[in-house]
Asker: 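Have a look at this one before I ask anything.
In this text the structure is predicted, and so the values were computed from the model without any measurement.
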Amino acid sequence: MNKLGTLIKQRREKAGLSLKKLGDACGISDSEVMKIENGTRKNPNWVTLCEMAKVLDFHPFELLLAVGYITHEDIHPNAQIHGLDKLSANKIETVQTFIDFIAVHEINRDLSQKEAIQNEL
């Protein structure tokens, strides 16, 4: 079984979904789900993969990476933080404050390094 098929089958079984229930939720047949899971469908439709991601609680990038439609280099760093959708607005604000703190720290570190280099010259 390929990586994509393994991911989908494991998550589908964990969710207690049959091939038919997953197919119905994604607007495809159970046989299409089976083909994706066993690797017979080599190039599944990306819209189908996004629907499967939604139903199985994956980020769509996880499935698109698994099938090789995108690479890690294609994903903007902002989209690589997982689980934000499960946080409350207050928790997201806390995460943003922490990110802002780290960004300011990086800027200050870069400025200190530039000043140190200029002082050496």
Side-chain angles (χ1 to χ4, degrees):
M1 189 178 297
N2 61 15
K3 182 178 178 183
L4 175 67
T6 301
L7 286 172
I8 291 172
K9 184 175 182 178
Q10 286 175 346
R11 192 67 65 95
R12 177 182 60 77
E13 289 177 347
K14 185 177 178 184
L17 295 173
S18 66
L19 292 168
K20 178 158 180 36
K21 282 186 179 177
L22 178 57
D24 288 347
C26 298
I28 60 174
S29 68
D30 56 341
S31 64
E32 183 66 15
V33 174
M34 187 170 59
K35 287 177 185 174
I36 293 170
E37 284 187 356
N38 68 23
T40 306
R41 175 72 62 224
K42 300 289 183 204
N43 299 309
N45 182 310
W46 70 271
V47 174
T48 299
L49 292 177
C50 290
E51 287 298 320
M52 292 180 126
K54 203 180 307 178
V55 172
L56 296 174
D57 197 27
F58 282 108
H59 190 287
F61 289 161
E62 293 177 78
L63 298 184
L64 297 174
L65 282 166
V67 78
Y69 288 167
I70 60 174
T71 66
H72 286 284
E73 290 76 31
D74 295 327
I75 302 172
H76 190 277
N78 291 350
Q80 294 182 8
I81 299 173
H82 303 280
L84 290 176
D85 57 321
K86 295 176 177 66
L87 299 180
S88 67
N90 286 341
K91 298 285 185 190
I92 290 174
E93 189 175 320
T94 301
V95 170
Q96 184 61 59
T97 300
F98 185 65
I99 291 170
D100 293 344
F101 171 78
I102 293 171
V104 168
H105 177 75
E106 290 293 314
I107 290 168
N108 288 338
R109 188 185 60 143
D110 291 346
L111 288 174
S112 295
Q113 288 175 344
K114 285 180 184 175
E115 287 176 6
I117 291 170
Q118 287 177 348
N119 289 338
E120 288 178 13
L121 298 176

Asker: Should the pair His59 and Phe61 be assigned to parallel (<30°), tilted (30 to 60°) or perpendicular (>60°) ring geometry?
Answerer: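 Tilted: the ring planes of His59 and Phe61 meet at 30° to 60°.
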Asker: Using a 4.5 Å cut-off on heavy atoms from C-beta on, say whether the side chain of Asn45 contacts that of Ile28.
Answerer: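 They are not in side-chain contact.
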Asker: For Ile70 and Leu65, which heavy atoms make the closest approach, and how far apart are they?
Answerer: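 Between these two residues, the closest heavy atoms are O-CD2, 3.4 Å.
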Asker: If you measure from the Lys or Arg side-chain nitrogens to the Asp or Glu carboxylate oxygens, is any gap between Lys114 and Asp110 under 4.0 Å?
Answerer: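 Asp110 and Lys114: not salt-bridged.
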Asker: So Asp24 and Lys20, side-chain contact (heavy atoms from CB on, under 4.5 Å) or not? Walk me through it.
Answerer: CA-CA 6 Å; Asp24 288 347; Lys20 178 158 180 36; 3.2 Å; yes
Asker: Minimum heavy-atom separation for Leu4 to Pro44, with atom names?
Answerer: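 That would be CD2-CG, 3.7 Å.
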Asker: Tell me whether Glu32 contacts the main-chain N or O of Ser29 through its side chain, where contact means a donor paired with an acceptor under 3.5 Å.
Answerer: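 Such a contact is absent between Glu32 side chain and Ser29 backbone.
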Asker: Determine the sole option in Lys9, Gln10, Arg12 for which the side-chain hydrogen bond (donor to acceptor under 3.5 Å, both in side chains) test with Glu37 is passed.
Answerer: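 Single side-chain hydrogen bond (donor to acceptor under 3.5 Å, both in side chains) partner of Glu37 among Lys9, Gln10, Arg12: Arg12.
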Asker: Less than 3.5 Å apart, any donor N or O on the side chain of Thr40 or Asn38 sitting next to an acceptor on the other?
Answerer: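 Yes, because at least one side-chain N or O of Thr40 sits under 3.5 Å from a partner of the opposite role on Asn38.
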Asker: Is it true that atom CD of Glu13 has more than 12 heavy atoms of other residues, nucleotides or ligands lying nearer than 6.0 Å?
Answerer: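 It does: Glu13 CD has more than 12 such atoms within range.
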Asker: Testing the basics here: between Leu7 and Phe58, what is the closest heavy-atom pair and its distance to 0.1 Å?
Answerer: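 Closest approach of Leu7 to Phe58: O-CZ, 3.5 Å.
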Asker: Quick one: pull up CG in Leu22 and CG in Asp30 and give me the separation to the nearest 0.5 Å.
Answerer: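 These two atoms lie 10.0 Å from each other.
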Asker: Can you give me the closest heavy-atom contact between Glu51 and Ala25, atom names plus distance?
Answerer: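 Result for this residue pair: OE1-O, 4.4 Å.
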Asker: When rounded to the nearest 0.5 angstrom, what is the spacing between NZ in Lys21 and SG in Cys26?
Answerer: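 Output value for this atom pair is 14.0 Å.
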Asker: Run the side-chain contact (heavy atoms from CB on, under 4.5 Å) test on Ile99 and Ile102 for me, step by step, so that the C-alpha distance in whole Å, both residues' side-chain angles and the decisive distance to 0.1 Å come before the verdict.
Answerer: CA-CA 5 Å; Ile99 291 170; Ile102 293 171; 5.7 Å; no
Asker: Side chains of Asp100 and Gln96: donor-acceptor distance under 3.5 Å anywhere?
Answerer: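 Judged by distance alone, the side chains do pair up.
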Asker: Does a side chain donor of either Asp74 or Thr71 reach within less than 3.5 Å of an acceptor in the other side chain?
Answerer: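 Yes, a side-chain donor-acceptor pair sits under 3.5 Å.
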Asker: State, to 0.1 Å, how close Pro60 and Ala53 come at their nearest heavy-atom pair, and which atoms those are.
Answerer: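 For Pro60 and Ala53, the tightest heavy-atom pair comes out as CA-CB, 3.7 Å.
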Asker: Using atom types as modelled and distance alone, determine if a side-chain donor or acceptor of Tyr69 lies under 3.5 Å from a backbone N or O of Leu63.
Answerer: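 Absent.
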Asker: I need the Ile36 CD1 to Met34 CE distance, nearest 0.5 Å.
Answerer: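 Between atom CD1 of Ile36 and atom CE of Met34 there are 11.5 Å.
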Asker: Out of curiosity, Ile8 CD1 to Leu17 CG, how far, rounded to the nearest 0.5 Å?
Answerer: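 Going from the CD1 atom of Ile8 to the CG atom of Leu17 covers 12.0 Å.
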Asker: Does the pair Val33 and Met52 meet the rule for a side-chain contact (heavy atoms from CB on, under 4.5 Å), with working shown?
Answerer: CA-CA 9 Å; Val33 174; Met52 292 180 126; 4.0 Å; yes
